[in-house]
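What you see is a predicted model; the values in this text were computed from it and never measured.
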Amino acid sequence: MQEHKLKAYKAYKVKGRIDATGHLIITEPIELEPGDVEVILLQAPVNLPVNLKEQSESDLQGNAKKGSLIQAFQGLFENAPSVPTDFDLDQAKWEYLKEKHNL
């Protein structure tokens with residue numbers, strides 16, 4: 001029987017930046033043993049067109065125009081019905097799970 005070794009990865013969150021030449025520079029020390037690593041990058045958003053907190057509060061009050069900040073989704077919500085003011089997200093999740101798992 002063939003033995004398979006599983007690789008166990010650990011995740012570390014560190015701050016860094018990309019310089020003008022395209023190189024990744026980690027801007028804080030990392031306490032890791034020397035060796036190979038895999039890097040997953042999440043680039044911080046720059047210059048969002050609206051303050052998301054204000055957008056969310058405005059949505060809750062029903063004053064915001066339906067839309068999306070993601071270009072591919074723009075226009076998708078224009079004809080969607082409004083969410084009732086007494087909508088209970090937790091109750092909706094529970095109803096979905098009951099139906100999905102035949103509870």
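In the hydrophobic clustering, where aliphatic and aromatic side chains (Ile, Leu, Val, Met, Phe, Trp, Tyr) are joined below 4.5 Å either directly or transitively, Leu103 groups with Trp94.
Scored by the side-chain hydrogen bond (donor to acceptor under 3.5 Å, both in side chains) test, His23 finds Thr21 as partners (sequence neighbours excluded). Take Lys10 and apply the side-chain contact (heavy atoms from CB on, under 4.5 Å) test, not counting sequence neighbours, and it matches Tyr12. Looking at residues two or more places apart in sequence or on another chain, you find no salt bridge (Lys or Arg N to Asp or Glu O under 4.0 Å) involving Lys15. The side-chain contact (heavy atoms from CB on, under 4.5 Å) test applied to Ile40 returns no partner, not counting sequence neighbours. The side-chain contact (heavy atoms from CB on, under 4.5 Å) check on Pro84 picks up Asp86, Phe87, with sequence neighbours excluded. Remark: Lys100 pairs with Tyr96 by the side-chain contact (heavy atoms from CB on, under 4.5 Å) rule, at least two apart or across chains.
Residue pairs meeting the side-chain hydrogen bond (donor to acceptor under 3.5 Å, both in side chains) criterion with at least one partner in residues 28-46, sequence neighbours excluded, are Tyr9-Glu38.
Val14 and Ile25 fall into different hydrophobic clusters, defined by Ile, Leu, Val, Met, Phe, Trp and Tyr side-chain heavy atoms under 4.5 Å apart, directly or through other members.
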